[in-house]
Amino acid sequence: MDRYIKVRGMHDILPDDVLKWQFIEKVLTETVKHYGYKEIRTPLVESRSLFERSIGSESDIISKEIYAFKDRKGRDIALRPEGTASVVRAFIESGMCAEKKVFRLYYYGPMFRYDRPQKGRYRQFYQFGIELFGSEHPFFDGEVVTMLHMIVNKLKLQKYYFLVNTLGCLKCKNRYSDIIKEYLSARENYLCDDCKRRIITSPLRILDCKNPDCKQTFSGAPVIGDVLCNDCKEHFKAFEEYLKLNNVPYKVDPYLVRGLDYYTRTVFELYVGGEENAIAAGGRYDKLVQQLGGPDIPAVGFAIGMERLISLVKYSPSQIPFFYLACIGKEAKLKGAIMINELRNEDIAVETDYEEESLSSHLKMANKTGANWCIIIGEDEIKRKEFIVKNMLSGHQITIPFNNYINRIKELLK
RNA sequence: GUGGGUGUAGCUCAGUGGAUAGAGCACUGGACUGUGGCUCCAGGUGUCGGGGGUUCAAAUCCCCUCACCCACCCCA
């Protein structure tokens with residue numbers, strides 16, 4: 001019989017690791033709740049076209065990495081490769097978008113991309129993200145980055161910084177895109193094959209290319225800052241001001257563009273500990289709600305890659321103190337069957353093993369499970385109407401009478 | 001999609017053509033039938049990833065294949 005192994009790109013989170021995940025999840029959710037964010041839960045499955053329209057059909061995420069298939073009725077559906085599209089869809093569909101106010105939403109869950117797995121990258125991976133709808137004020141851009149900054153501080157991460165840039169509003173972005181297209185068309189022969197194709201499909205992405213020849217080629221090209229309208233310039237300036245006021249460490253990278261088509265104006269990425277990969281990234285998407293059939297509502301958000309974040313966080317798990325119940329003999333086992341549930345009913349953690357027969361093997365088991373105390377009940381104890389509690393660390397033992405024993409046990413926990 | 005590395009016991013890994021394939025940890029039993037950890041003794045640890053080939057002889061060399069890891073692309 002062949003053993004089953006996990007499907008490529010999938011991973012288990014085993015019990016010891018779950019404690020770390022839960023710790024980080026708690027830091028994340030509690031932080032964003034203090035900023036006024038409320039959780040939204042959307043399906044893992046959406047219409048394929050939702051992602052095509054939001055992220056962009058030409059993007060790598062859609063063209064190469066989407067988990068898409070037809071269901072039994074022939075509908076084109078896809079596993080979500082990111083969270084924003086679904087949240088925007090729900091924001092519109094639920095009617096939340098009708099109310100004129102700022103909405104702050106957060107989400108958490110698995111995303112799917114058909115990538116080649118490697119360090120910090122999985123086909124099913126977890127993202128924690130936030131979206132803020134209803135204002136294009138640049139201080140909101142600053143606020144979400146500052147919140148991210150607070151999160152990395154709370155998790156005690158070292159050596160981190162933000163890369164920020166602006167792509168301009170839709171007009172500026174398109175104008176700049178045309179300028180780049182024109183500039184690079186004349187120099188097409190110096191570009192890599194991918195970038196030659198991108199001249200037509202997504203010229204801005206060429207700025208992000210790591211190929212040295214491409215870098216050299218566009219190094220003389222105009223930067224976005226040169227062609228922005230006044231509003232966009234002011235927007236970015238105010239955003240930077242907000243970051244400075246809150247001591248957020250950042251660098252402007254005029255070549256920072258994002259792999260998703262929907263971004264406008266502010267974009268940013270968070271790098272930690274000299275890692276190559278960003279652990280969080282986001283930006284503003286002022287026209288996405290409208291593009292997906294909703295009203296003209298601006299928004300800004302980010303997503304954190306959980307696996308990448310978790311690999312950088314130091315955490316030493318602490319277990320709640322608990323008892324191991326050792327019952328020897330039939331009488332004792334019956335007494336123990338009552339006591340163990342009386343204790344658990346008082347929220348006192350107790351483990352036992354019904355199979356073990358000798359005191360020696362019970363104590364071995366208590367030791368193995370890491371119990372703080374072992375409660376010992378044998379025939380002698382039944383006769384004397386009292387039982388033994390052994391401290392597993394010191395070896396010290398005390399006896400406690402069966403009547404009103406709960407309070408004595410509780411004293412040990414203090 | 002491209003390139004590189006690695007697959008041997010439950011886990012971490014030795015073993016580069018030669019005998020019945022090894023170590024540590026873990027596991028099971030015993031020394032120790034009412035006191036765990038420590039020590040000592042004994043014991044399974046096995047399709048050497050799978051298939052084919054070369055050879056008197058293959059974990060070892062060759063080919064194919066699969067899986068995992070790393071890097072590129074891209075992304076979080």
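Chain identifiers are assigned alphabetically (A, B, ...) following the order of the sequence lines, protein sequences preceding nucleic acid strands; residue numbering begins at 1 within each chain.
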Please state the [atom1] separation for the pair [N] and [M] - nearest whole angstrom.
N	M	atom1	result
rC48(B)	rA58(B)	C1'	11 Å
rA71(B)	rA9(B)	C1'	31 Å
rG4(B)	rA76(B)	P	29 Å
rG46(B)	rG22(B)	P	13 Å
rC72(B)	rA23(B)	P	41 Å
rU20(B)	rU65(B)	C1'	31 Å
rG7(B)	rU16(B)	P	12 Å
rU45(B)	rG29(B)	C1'	15 Å

[X] [atom1] - [N] [atom2] separation (whole Å):
X	N	atom1	atom2	result
E356(A)	rG36(B)	CD	P	14 Å
E65(A)	rG1(B)	CD	C1'	11 Å
Y324(A)	rU35(B)	OH	C1'	13 Å
N372(A)	rG36(B)	CG	P	19 Å
E307(A)	rA76(B)	CD	C1'	9 Å
N391(A)	rU35(B)	CG	P	18 Å
E58(A)	rC75(B)	CD	C1'	18 Å
I66(A)	rC75(B)	CD1	C1'	14 Å

Nearest-nucleotide wise, let me know which of A281(A) and Y114(A) is further upstream toward the 5' end of RNA chain B.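 In this pair, the answer is Y114(A).
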Which residue lies toward the 5' end of RNA chain B, R116(A) or R113(A), if each is placed at its nearest nucleotide? R116(A)
Residue matched to [N] through Watson-Crick or wobble contacts both under 3.5 angstrom:
N	value
rU16(B)	none
rG36(B)	none
rC75(B)	none
rU6(B)	rA67(B)
rU45(B)	rA26(B)

Flag, side chain of [X] to backbone of [Y], donor-acceptor distance under 3.5 Å:
X	Y	answer
R113(A)	P81(A)	yes
K314(A)	K156(A)	no
D60(A)	K64(A)	no
K173(A)	Y263(A)	yes
N174(A)	L170(A)	yes
R258(A)	T264(A)	no

Base, sugar-phosphate or nothing for [X]? Non-hydrogen atoms, less than 4.0 Å.
X	answer
N277(A)	base
Y122(A)	base
A366(A)	nothing
R123(A)	nothing
G120(A)	base
I304(A)	nothing

Can you tell me if [X] touches the phosphate of [N], counting only side-chain N or O atoms and a distance under 4.0 Å to OP1 or OP2?
X	N	value
R198(A)	rC74(B)	yes
R258(A)	rC74(B)	no
Q118(A)	rA71(B)	yes

Is it true that [X] and [Y] make a salt bridge, defined as a side-chain N closer than 4.0 Å to a carboxylate O?
X	Y	result
K70(A)	D76(A)	yes
E357(A)	K333(A)	yes
E386(A)	R408(A)	no
R265(A)	D141(A)	no

Contact letters for nucleotides 25-34 of chain B, in which S counts primed atoms plus P, OP1 and OP2 and B counts the base, heavy atoms under 4.0 Å: --SS-----B
For nucleotides 37-44 of chain B, just jot down a letter per nucleotide in 5' to 3' order: B, S or -, based on protein non-hydrogen atoms under 4.0 Å. B-------
Residue pairs meeting side-chain hydrogen bond (donor to acceptor under 3.5 Å, both in side chains), one or both in residues 365-377 of chain A, sequence neighbours left out, come to none
Is a donor-acceptor contact shorter than 3.5 angstrom present between the side chain of R308(A) and the base of rC75(B)? yes
Selected nucleotide, minimal atom distance to L363(A) side chain, candidates rA76(B), rC74(B), rU35(B):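 Given the options rA76(B), rC74(B), rU35(B), the side chain of L363(A) is closest to rU35(B).
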The side chain of Q397(A) is closest to which nucleotide in this list: rU35(B), rC72(B), rC75(B)? rU35(B)
Say whether T84(A) and E131(A), considering side chains only, have a donor N or O and an acceptor N or O under 3.5 Å apart. yes
Quick check: H11(A) with F125(A) (ring centres under 6.0 Å apart)?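 Between F125(A) and H11(A), the centre distance exceeds or equals 6.0 Å.
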